[in-house]
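Structure first, commentary second.
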Protein chains: 2
Amino acid sequence: MVTITDIAKALGVTPSTVSRALSGSPRVKEETRRTVEETARSMGYERNVMASNLRRGRSSIVGIIVPRIYREFFSNVIGGAESILNEAGYNVLICQTHERREAELQALHTLRKNQVACVLMSHAIETEDPAPIAEALGDIPLVQFDRVFRSLPGAKVVNDNYESAYAATRHLIANGYRRVGTLAGHLCCEAFSDRLRGYRKALEDSGLAYDESLVFQDCILRETGWDAALQAAEAGCDALYSAGDFSALGAMEALRWKGLSLPRDFGIVGTADETFASLMSPSLSSLGQHAFEMGRVAAKAFLFRSQATTVISMELHIRESSNRNSICQK
Amino acid sequence: MVTITDIAKALGVTPSTVSRALSGSPRVKEETRRTVEETARSMGYERNVMASNLRRGRSSIVGIIVPRIYREFFSNVIGGAESILNEAGYNVLICQTHERREAELQALHTLRKNQVACVLMSHAIETEDPAPIAEALGDIPLVQFDRVFRSLPGAKVVNDNYESAYAATRHLIANGYRRVGTLAGHLCCEAFSDRLRGYRKALEDSGLAYDESLVFQDCILRETGWDAALQAAEAGCDALYSAGDFSALGAMEALRWKGLSLPRDFGIVGTADETFASLMSPSLSSLGQHAFEMGRVAAKAFLFRSQATTVISMELHIRESSNRNSICQK
DNA sequence: GTTATTAATGCAAACGTTTGTATATTTGTT
DNA sequence: AACAAATATACAAACGTTTGCATTAATAAC
């Protein structure tokens, strides 16, 4: 392995000069820099990141913490962040929490130990108190995305959950559904509580009553979606806005099992636009997130040391599960 | 930050003793070790991985290279590997190649620079020549999974592609399909060529002719699946074994568009058992891979310095798209 | 021509750990 | 009691980079 000392010897200068030349310090002559760079290239030099990190007390790794990498949304966010960060010379260390608080703290700890340059994170559902996160991070910058804690400092990238849930609910109402319920997520999580607020506002703006018994909390899994849908149907519901696609899927299965037909008897709109949404039959209407873009924005927030909150719009994909108007036209 | 020197001073010993005590060297007295460990804990000591890595010339990071993290198969392999590696004190650095050779070499380079302890890898489809991989790795151990090059040294973990494709094809034949084609992958990739061999053997064992015109190469995408299915149907095919689920999906859509009914007029079995396979209507029969287990096995192969090749069985999930027998019984 | 100013490089001390070799201590053997 | 063997710890040199401070060389100011 060739080191800066080797280069220095070859050129009759000191390692400091080589180091400065290679890291673009303005303290070396332009000509020297060129010579050094050339020699480095010809000798096949590669900077030893370990040594560099040790000395600088900070690595060129960015940590990303997500609940689960196999959720399409998160893997796409990761992909987006990676595309920006790799470009900028950073590597990405990915940790999964599986929605568990303990695993989340463990991950933060791991990243701290690796002295990552920054942490991009979407917190676990279990997490209610953000204070330990701040503590575990120390002075490492934090960029939150999707699921964010307002009270933590640093940049944030979120979806327009309120507006999109509003739009999705209005869409159901516009299709003639009159008793619209919702499969809500965990309300301690702002992304989910915002969706609930948007849903509620849509009902109110349409002159429909907001009925607490049609709000199913902590309902984002296929199983809980199934149960909630049956209860909802029992309660006279004829449509559901779901804060997730998996619970929407469970709901559709339950309703079909009950003999109801979508979108004729019942309308559903999900959130996340998982691949299966468009492949099911009937296909599931869903709010698509610009996950890749969200990752890019989060990564840039770190690179530019932004502290801003960016809002990214979701996109309503209207499909068979809610589109009664076009079915009628057929 | 508290260092081993701090601990040493507090105890009146030298850093070397502390280092040895903490890393479990047999060269310190049992009593000393206990005292050191206790003091370390009480002082809140954490080993500086940068310094450790620099000195040892090797990091406690394992690199994983996959074509795409959002493929469920790969994200589950990653999850499995992570579960073992984290336990053993390693962290995981994930790189995507997007099936591109250049990105693959770049990733290897990155990992080499980070002096990873090992690389777990499933190569890109574009890659035909494994030599540059070996070169880029230097003396870093390699564990290949799913898509492997026999000629490279090191452990390998693969599916029983030959046997499973054989079983899937036999299943189609047992359901009365008589002209079975296949959507094959890139045959330079052993995983795919093995599936083709299994398919062929099944035909031969069943007394059916192997017809090259029913073999569609490089066909693993939704779009190519669509085209191939139409050609296949034109050629008198009544069933397809597909080496991927996305091409199987495209094929199903094309056939339905053509007015054919599954499984009545046409049978399909895919490979990978993506989530959508069970959710579609008709649901798609598919060969499920034990992805999580594959990740665990690959990680263990590294930890135990194994050089062996492990074969993991796939599982045939029989669903509506191929199950004509049970439909008839209805 | 002397002095102040700037520019370019050199010097040397870190960063925190690991490890080969040396030293001191204990134990065992005769 | 003397010596060998073992055990336990200390010493010191790395690992390759970065960076504050010192030094030298070049330019500008008077």
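Within every chain, numbering begins at 1; the chains are lettered A, B, ... in the order of the sequence lines, protein sequences first and strands thereafter. Just so you know, these numbers use all the heavy atoms, side chains as well, and skip hydrogens, waters and symmetry mates.
An angle of 40°, rounded to 10°, separates the two end axes of the helix from dG1(C)-dC30(D) to dT30(C)-dA1(D), each defined over five pairs.
Judged by closest nucleotide on DNA chain D, A51(B) is the one of A51(B) and S52(A) placed further toward the 5' end.
The nucleotide whose nearest atom lies closest to any side-chain atom of L54(B) is, among dG16(C), dT17(C), dT19(C), dG16(C).
Using a 4.5 Å heavy-atom cutoff, the side chains of L111(B) and I65(B) are in contact.
OP1 and OP2 of dG16(C) both lie 4.0 Å or more from every side-chain N or O belonging to T5(B).
The CG atom of N114(B) sits 16 Å away from the P atom of dG16(D) (whole-angstrom rounding).
Closest heavy-atom contact between L152(B) and A134(B): CD2-CB, 3.8 Å.
Not counting sequence neighbours, the partners of E82(A) by the side-chain contact (heavy atoms from CB on, under 4.5 Å) test are N86(A), V92(A), Q96(B). Considering only residues two or more places apart in sequence or on other chains, E102(A) meets the salt bridge (Lys or Arg N to Asp or Glu O under 4.0 Å) condition with R100(A). Applying the salt bridge (Lys or Arg N to Asp or Glu O under 4.0 Å) criterion to R150(B), with sequence neighbours excluded, gives E190(B).
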Pair up each side-chain donor or acceptor in residues 121-128 of chain B with any protein partner under 3.5 Å, not counting sequence neighbours, and list the distances.
unit_1  : atom_1 : unit_2  : atom_2 : d
S122(B) : OG     : F145(B) : O      : 3.0
S122(B) : OG     : R147(B) : N      : 3.4
E126(B) : OE1    : R101(B) : N      : 3.1
T127(B) : OG1    : R101(B) : NH1    : 3.3
T127(B) : OG1    : E104(B) : OE1    : 2.6

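In this structure, CG on N161(B) lies 9.0 Å from SG on C189(B), to the nearest 0.5 angstrom.
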**Study point:** Sugar-phosphate or base contact per nucleotide [nucleotides 8-13 of chain C; S, B, -; heavy atom under 4.0 Å]
**Key:** SBBBBB
